[in-house]
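Okay, structure first, notes after.
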Amino acid sequence: MAPSRVQSACARCRRQKLKCDDTRPCQLCIRSEAECTDVVNKRRKQTIGARQPQNRKRPEHRPLPVNTAPSDDPRLSLQPQIVPSGTRVTDLVTSQRERAHSTFHHVQELFRNHMTTLRDSDAIPDGTPANKQSQVPGSRIPIIELIGIQLPSAPITLTLLDAYLQANHWYLSLFHEPSFRARLVTILQTEGILPSEKSFLLLLLAVLIIGARFSNHETLHSLDPQFNPQQSRTIWIEAVENHIFWILQEATLESVACAVLMSIAYLLERKTQLSFTMSGLGSRAAQAMGIHDETTWGHLDPIEVQVRRRVWWSIYMVDVYIAQAYGKPSILPTVQFNVSEPEDLDDTLATCPGIGSYEVREDGTFKPVTIFSYNRYKAQLYSIADPTAHSIRLPHIKRTYARLLDWEKTVPRELKLDSFSENQNMINDAALCVFSLQALTLQVTYDYKHLILFRPFLLSKKYLGVRLHDGPVETQDRSNTTIRDQLFTSALRMSSICRWQNILIILGNTTSAAQLCFQCFTAGVVLAMLALSELSSPRLPECKQGLARLIRSLEVAGAGSPLSRQSVDILMEAMHLISAEEVKELVSRAGKPAEDVRSVLPTANLVTRLAYSRGTGDIHRAIHQPDAVHGQEMWEELDLMPDESEPEILNSISLYQSLASLF
DNA sequence: TTATTCGGAAATTAAAAACA
DNA sequence: GTTTTTAATTTCCGAATAAT
């Protein structure tokens with residue numbers, strides 16, 4: 001009668017199906033020196049209504065479990081399905097997941113089953129906002145009473161919505177289009193709005209602000225000659241600003257989505273500082289609502305669940321992107337959330353004409369690739385290149401790098417840029433057009449992630465020569481890739497997008513253009529810095545050509561925006577600088593023997609020198625036995641000790657700091 | 001020899017149904 | 001209100017497999 005069962009197994013034991021114990025860390029974790037963390041039990045968390053009432057008569061057979069995928073295993077929800085040949089991702093993510101419960105959360109636990117309704121708690125952190133329940137239906141009131149301005153006429157509003165969908169929805173999806181449209185139509189028809197819909201209205205305004213920027217002004221003029229897009233945009237922005245704090249306090253899904261859109265809108269308005277801050281507000285609001293943890297959502301309508309996931313992943317990606325672009329730590333750490341990938345809803349079932357690949361979903365099933373797959377792949381990409389580490393270590397970077405390479409292998413043909421022809425006219429086929437845009441931005445983002453990953457090393461000549469692949473040098477020719485090589489390859493591949501001018505032109509009329517321009521700009525800066533660090537290298541011409549192609553891409557996709565103009569100017573300047581330095585270099589070398597004058601330290605040289613300096617003279621051995629390269633000598637050469645004593649490298653170096661060292 | 005993985009049996013538990 | 005039933009969800013045995 002040994003009561004041998006433990007009330008809750010730790011994360012590791014649970015995953016490995018081993019017998020755990022009540023101590024923390026448990027004996028097994030101690031034995032294997034693993035981190036021992038608790039996992040929240042879904043069963044204990046189940047709320048009233050979470051289970052479907054059964055038609056209890058005679059069930060005969062046990063029905064299949066509804067949801068076999070245990071969504072609260074964080075590894076499942078965070079790690080994309082890239083588990084290639086044997087490379088299992090370690091406990092890293094699992095073990096770090098901590099659930100921080102607020103005081104108010106404990107209050108709820110305490111009174112569960114003892115109080116039908118909780119009393120007022122709006123003054124307590126994490127309590128329920130006061131005006132939530134009191135705002136029962138009510139009657140429709142004119143919009144002007146709620147926010148002080150009118151919406152434009154129905155045709156204009158719908159045109160702007162369409163413009164928004166084209167410009168942003170394929171790239172960052174923040175709502176379910178059919179529901180959104182239905183709600184909008186009701187408002188337009190009744191010319192009134194429920195007071196409880198205020199946050200929806202503000203989200204709509206944000207949509208219109210972006211729509212107005214990307215819509216065709218002639219079409220608008222023909223619909224309503226009085227309508228002035230620029231002026232309206234200013235008015236709407238002001239209206240949203242007047243109410244933004246109100247809706248953030250209200251904490252609805254729409255308020256978070258609105259904050260995300262405003263962040264983008266500010267970026268387009270050249271208010272980059274506000275954009276940064278606004279995305280932070282949105283992230284925080286999302287966390288306050290618990291959107292980062294599905295287990296707290298309770299029972300929701302299936303569409304609502306998916307929309308929440310969409311919003312969460314969108315804000316996560318915006319937050320990470322903006323943080324990286326600014327070189328600041330991001331607010332939303334990967335390890336502390338628990339939201340599954342968004343799935344397809346009825347509005348995203350379109351597939352790519354001509355290609356019919358399948359995608360492995362989070363739950364292991366195979367589904368056709370749809371126009372929404374892009375969002376899932378992008379989300380995976382973002383969670384791989386984990387931005388949480390404010391300071392990072394080389395082994396971590398190598399691991400991330402390996403995962404990036406694995407991720408790339410999983411990308412379906414629909415989302416590969418090479419699948420699209422360079423001179424095809426995309427405009428005729430909407431789906432094809434969207435897929436090509438997605439493929440291009442996905443590839444650029446992937447390469448950009450490499451640049452960001454290695455960006456901290458740009459200022460350190462020592463690190464540029466570090467090899468990226470541990471383990472034996474196999475048949476793979478890239479096994480000797482150094483950080484410098486990879487930066488070079490990625491930046492060059494980014495520059496190759498200028499071949500797809502047809503796609504770039506369309507892309508210039510979407511919100512993703514801003515991101516693309518910035519990514520190209522980054523690639524340009526990286527190429528320039530590489531070029532300057534090895535002026536005599538045979539790669540120099542390629543660097544310059546790459547820069548030229550990036551400048552061209554910026555001009556095409558930037559469509560005359562200030563961001564693209566300024567980037568082009570700076571990159572041009574960098575080109576001149578490189579040429580000038582090159583001339584100096586040539587002159588100074590003119591009278592000397594052709595051998596090295598360089599003080600830079602490329603790895604190939606290092607290996608050779610190592611082999612010689614050790615007196616063996618056996619270059620072969622040095623190259624084919626990676627241990628020799630990765631052993632003590634290597635690190636001494638680099639003034640470093642392996643692993644533990646390795647100094648931390650700050651990740652938060654902004655592009656501007658890199659730039660400053662350029663000029 | 002030791003560690004990891006995983007199918008699935010057995011145990012546990014919240015909710016629903018039945019009962020009083 | 002209490003007890004019983006049901007089904008979802010958990011723990012962890014034990015056998016297979018992989019790593020050392």
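Chain A is the first sequence line, chain B the second, and so forth, proteins listed ahead of strands; every chain is numbered from 1.
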Atom-pair distance ([atom1] on [X]; [atom2] on [N]), nearest Å:
X	N	atom1	atom2	result
A:L28	C:dT11	CG	P	14 Å
A:R15	B:dA3	CZ	C1'	13 Å
A:K17	B:dT5	NZ	P	12 Å
A:R31	B:dT4	CZ	P	11 Å
A:D21	C:dT11	CG	C1'	13 Å
A:R12	C:dT11	CZ	P	15 Å
A:Q16	B:dT4	CD	P	5 Å

Where does the angle between the aromatic ring planes of A:W312 and A:Y316 fall among parallel (under 30°), tilted (30 to 60°) and perpendicular (over 60°)?
-> parallel

Any donor-acceptor pair under 3.5 Å linking the side chain of A:N375 with the backbone of A:R310?
-> no

Side chain A:S314, main chain A:S173, donor-acceptor under 3.5 Å |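 Here the side-chain-to-backbone pair exists.
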
Between A:R14 and C:dT11, does any side-chain N or O lie under 4.0 Å from OP1 or OP2?
->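 Yes, because at least one side-chain N or O of A:R14 sits under 4.0 Å from OP1 or OP2 of C:dT11.
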
Tell me the partner of C:dT20, counting only Watson-Crick (N1-N3 plus N6-O4 or O6-N4) or G-U wobble (N1-O2 and O6-N3) with both under 3.5 Å; none if nothing fits.
->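 When the pairing criteria are applied, nothing turns out to pair with C:dT20, so the answer is none.
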
A:Y321-A:Y382 aromatic ring centre distance below 6.0 Å = no

